[in-house]
Amino acid sequence: MDEKKTAWERLQLVHTKGRPTVSDYIPLIFTDFYELHGDRHYGDDMAILGGIGRLDGRPVTIIGQVKGRDLNENKECNFAMPHPEGYRKALRLAKQAEKFHRPVICFIDTPGAFCGVAAEERGIGEAIAKNLAEFMTLRTPIISIVLGEGGSGGALALGVCDDLAILENAQYSVLSPRGFASILWKDASREQEASEIMRITAEDMVTLGVAEAVIEEPLGGAHNDLDKISENIKEYLSQKIPEKCEKDIDVLLKERYTKFRKIGEFLD
Amino acid sequence: MFEDFFDVVKKRFNGGSEEEYKPPMFKCPRCQQLSPLSRYEELHRVCPKCNYHGRLSAQERISITLDKDSFKEFDADMKSGNPIDFPEYMEKQEQLRESTGLNDAVVTGTATIKGSPVVVGIMDSRYMMGSMGSVVGEKIARAFEYATENNMAVVMFTASGGARMQEGIVSLMQMAKTSGAVKLHSDKGGLYITVLTDPTTGGVTASFASLGDIIIAEPKVLIGFAGRRVIEGTIKQRLPEDFQLAEFMHEKGFVDMIVERRKMRSVLSHLLKLHGYDKKEV
Ligand SMILES: [Zn+2]
């Protein structure tokens with residue numbers, strides 16, 4: 001593990017060209033992967049991929065936000081900013097996993113849900129809300145991993161889970177430091193300052209009860225050694241998935257609700 | 001001082017030609033037209049020109065919606081902590097408490113509407129734009145849990161600019177907390193009616209506001225996820241005037257009905273009774 005980097009330094013790493021994406025990880029972590037497409041209502045959103053495969057031989061459902069590795073890929077996947085149909089595809093596959101008693105593994109990597117006319121018209125708010133509610137009571141284990149950017153409600157829509165892990169240099173935040181600075185201080189150029197006070201790092205997530213684990217990245221960041229970081233992610237999943245699958249589902253659901261239920265700070 | 005007084009008297013006496021008496025006016029954010037403020041307030045803050053339903057305080061909403069003296073508040077003294085130690089957050093809230101008389105952006109409790117018992121939540125946009133932080137999340141979750149346990153219906157009046165930035169990621173997690181509580185209430189068969197009021201946006205739209213069995217909106221109120229300026233920045237063009245208004249969301253299929261404020265109480269009462277919530281059990 002590297003020396004502790006500042007939130008800002010890590011943010012630069014997350015945006016480094018060549019940082020591995022969900023498409024890089026899938027072939028190295030899972031076998032027999034089949035991608036499944038579409039939400040059965042409107043279309044197929046390339047910003048979220050989903051499918052089935054095996055983890056150590058056990059069938060699992062895999063859902064993740066897709067970042068492009070170059071401009072062409074990014075145009076195709078809309079820079080990992082999903083529309084409502086992306087979240088509805090995710091929900092369809094999660095429900096399918098529940099039916100076939102497969103655990104769900106979600107990979108979070110998005111600047112946020114897409115902010116546009118079509119997204120509003122097709123109910124992006126409703127789509128995210130529905131996922132939050134339905135994932136909370138999905139009767140199968142869910143593990144989510146923040147790979148790079150965990151931006152806002154668009155990230156959380158794949159983040160209602162039993163355990164959340166976050167890569168060492170990844171971030172999870174209510175909105176981007178840039179957006180934060182521009183809303184709160186009307187000055188987007190203060191994004192570095194925002195990143196330092198927003199509490200967005202992996203350790204912050206553990207401290208605040210949002211994440212249960214931090215997955216170590218290779219020296220210099222995930223892009224320096226794809227095999228090593230994939231191995232670290234797989235090791236985490238290989239331990240967590242069987243552990244969650246062994247639990248009584250009603251106990252698991254109670255723990256899932258409690259995990260979110262207790263986040264917050266107030267004086268009664 | 002006396003001279004000032006006589007100046008005023010003189011001006012009035014002279015027929016006010018220099019300075020005519022002008023009643024305070026309300027400028028409607030939707031139609032931009034001016035109406036006398038007294039008229040706007042007489043209509044419980046509805047624009048007399050275009051029927052835009054303006055913002056009410058939680059107290060005003062209680063008095064026009066719930067049976068007289070029936071409201072019993074939950075968690076009235078709950079106050080926010082400072083989960084990410086955000087500079088000046090506590091001071092800002094202290095000021096708001098003084099100016100609004102509220103402890104945070106939502107008031108919850110039990111009440112009756114024309115005799116039907118109900119758990120209600122009313123957001124007040126005067127408190128940090130109705131943003132959702134720890135207190136809003138906790139109070140709403142507790143309200144739903146109370147309703148679940150006591151087999152009661154829930155009516156939520158939403159008004160929010162979205163997440164409480166000053167609570168960072170903790171604010172975001174309130175979306176999961178509240179949506180989870182709604183889901184458990186729903187799974188037990190409870191009725192949940194959402195009333196979307198001006199404005200309902202961001203994280204509240206993307207959580208409990210969109211999960212009602214029946215979703216009502218007041219006329220011409222703003223409903224959306226992303227802010228208008230953010231979208232205009234993305235698409236580099238101006239959006240049509242009616243974009244993200246209640247009528248637009250109704251047309252797109254995300255709102256069951258648009259109900260005027262003067263009819264709200266009777267519509268809610270009918271809906272509660274249609275679902276069997278007509279005996280007073282509280
Ligand atoms: Zn008007």
Side-chain angles (χ1 to χ4, degrees), chain A residues 81 84 112-117 119-137 150 152-157 159-161 171-175 179-180 183-184 194 197-200 204-205 208-211 253 256-257 259-268, chain B residues 75 77-87 133-135 137-138 141 163-184 186-187 201-203 205-211 223-227 230-231 233-235 239 243-244 248-249 252-254:
Chain A
M81 293 183 283
F114 188 63
C115 293
V117 176
E120 295 289 324
E121 284 180 344
R122 298 201 287 273
I124 188 71
E126 190 272 349
I128 293 172
K130 191 76 171 282
N131 279 19
L132 303 182
E134 293 292 330
F135 277 60
M136 193 64 87
T137 56
S152 188
L156 183 62
V160 172
C161 56
Q171 59 147 114
Y172 199 3
S173 61
V174 66
L175 88 169
F180 187 92
I183 289 182
L184 226 54
I197 65 168
M198 283 174 71
R199 308 277 308 269
I200 59 175
D204 290 331
M205 292 311 118
L208 293 166
V210 172
L253 290 183
R256 189 184 299 164
Y257 182 66
K259 166 183 153 78
F260 291 94
R261 188 66 189 78
K262 65 181 191 211
I263 302 175
E265 198 179 305
F266 52 87
L267 313 161
D268 232 328
Chain B
D75 309 310
D77 298 325
M78 193 190 291
K79 289 186 180 121
S80 181
N82 193 355
I84 64 164
D85 298 318
F86 196 82
S134 297
V135 172
E138 182 69 20
R164 179 80 51 92
M165 300 298 158
Q166 293 83 348
E167 293 192 25
I169 194 75
V170 171
S171 163
L172 189 72
M173 294 300 134
Q174 307 308 311
M175 293 168 63
K177 182 196 273 190
T178 53
S179 300
V182 173
K183 181 63 165 43
L184 297 184
S186 177
D187 285 355
T201 60
T205 298
S207 63
F208 64 91
S210 293
L211 295 170
I223 303 164
F225 177 63
V230 177
I231 300 173
T234 311
I235 62 171
L239 290 162
F243 184 69
Q244 289 182 324
F248 173 91
M249 295 307 277
K252 299 297 172 194
F254 294 97

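In what follows, every chain begins at residue 1, and chains take the letters A, B, ... in the order their sequences are listed.
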J.: So which of A:K259, A:E134, A:R256, A:K130 has the biggest tally of heavy-atom pairs under 4.5 Å with chain B?
T.: A:E134

J.: Check whether B:D77 gets within reach of chain A through its side chain, its backbone, both or neither, counting any heavy atom under 4.5 Å.
T.: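 Looking at B:D77, just its backbone touches chain A.
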
J.: Tell me, for A:Y172 versus chain B, whether the close heavy atoms (under 4.5 Å) come from the side chain, the backbone, both or neither.
T.: both

J.: Contact part of A:I263 toward chain B, heavy-atom cut-off under 4.5 Å: side chain, backbone, both or neither?
T.: both

J.: Looking at A:A133, A:A157, A:G159, which one has more heavy-atom pairs under 4.5 Å with chain B than the rest?
T.: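 Heavy-atom pair counts peak at A:A133.
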
J.: Quick check against the 3.5 Å criterion: does B:T205 have a side-chain atom that pairs as donor or acceptor with the backbone of B:G224?
T.: yes

J.: Where does B:Q244 contact chain A at under 4.5 Å (heavy atoms): side chain, backbone, both or neither?
T.: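 Looking at B:Q244, just its side chain touches chain A.
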
J.: Looking at B:N82, B:D85, B:D75, which makes the most heavy-atom pairs under 4.5 Å with chain A?
T.: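 Looking at each of B:N82, B:D85, B:D75 in turn, B:N82 comes out on top.
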
J.: Answer with side chain, backbone, both or neither: which region of B:F208 has an atom nearer than 4.5 Å to a non-hydrogen atom of chain A?
T.: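 When you check distances to chain A, no heavy atom of B:F208 falls under 4.5 Å.
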
J.: Between B:S171, B:A181, B:G202, which has the largest tally of heavy atom pairs under 4.5 Å with chain A?
T.: B:A181

J.: Side chain, backbone, both or neither: which part of A:I200 has a heavy atom under 4.5 Å from chain B?
T.: neither

J.: Which of the residues B:A163, B:G133, B:G180 is involved in the greatest number of heavy-atom pairs with chain A at under 4.5 angstrom?
T.: B:G180

J.: Out of B:R164, B:E138, B:Q166, return the one with the most heavy atom pairs under 4.5 angstrom to chain A.
T.: B:E138

J.: Could you report the tightest heavy-atom contact between B:P83 and A:R199, atom names first, then the distance?
T.: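 Looks like O-NH1, 4.0 Å.
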
J.: OH/A:Y257 to NZ/A:K262 distance, rounded to the nearest 0.5 angstrom?
T.: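 It is 13.5 Å, given to the nearest 0.5 Å.
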
J.: Non-hydrogen atoms of chain B under 4.5 Å away: do they reach the side chain of A:F135, the backbone, both or neither?
T.: neither

J.: Considering only heavy atoms from C-beta outward, does the side chain of A:E265 approach that of B:V170 to under 4.5 Å?
T.: no

J.: Give the member of B:S80, B:S186, B:G137, B:G227 that has the highest number of heavy-atom pairs under 4.5 Å with chain A.
T.: B:S80

J.: Check each atom of A:R122 against the heavy atoms of chain B and say whether the ones under 4.5 Å are side chain, backbone, both or neither.
T.: backbone

J.: Please check if the side chain of B:T201 supplies one atom and the backbone of B:F225 the other of a donor-acceptor pair under 3.5 Å.
T.: no

J.: Taking every heavy-atom pair that is under 4.5 Å apart, which of A:L156, A:I183, A:N131 has the most such pairs with chain B?
T.: A:L156

J.: Tell me, side chain or backbone of B:L211 under 4.5 Å from chain A's heavy atoms, or both, or neither?
T.: side chain

J.: B:A209 versus chain A, heavy atoms under 4.5 Å apart: side chain, backbone, both or neither?
T.: neither

J.: Tell me, side chain or backbone of A:L184 under 4.5 Å from chain B's heavy atoms, or both, or neither?
T.: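 Contact with chain B: side chain only.
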
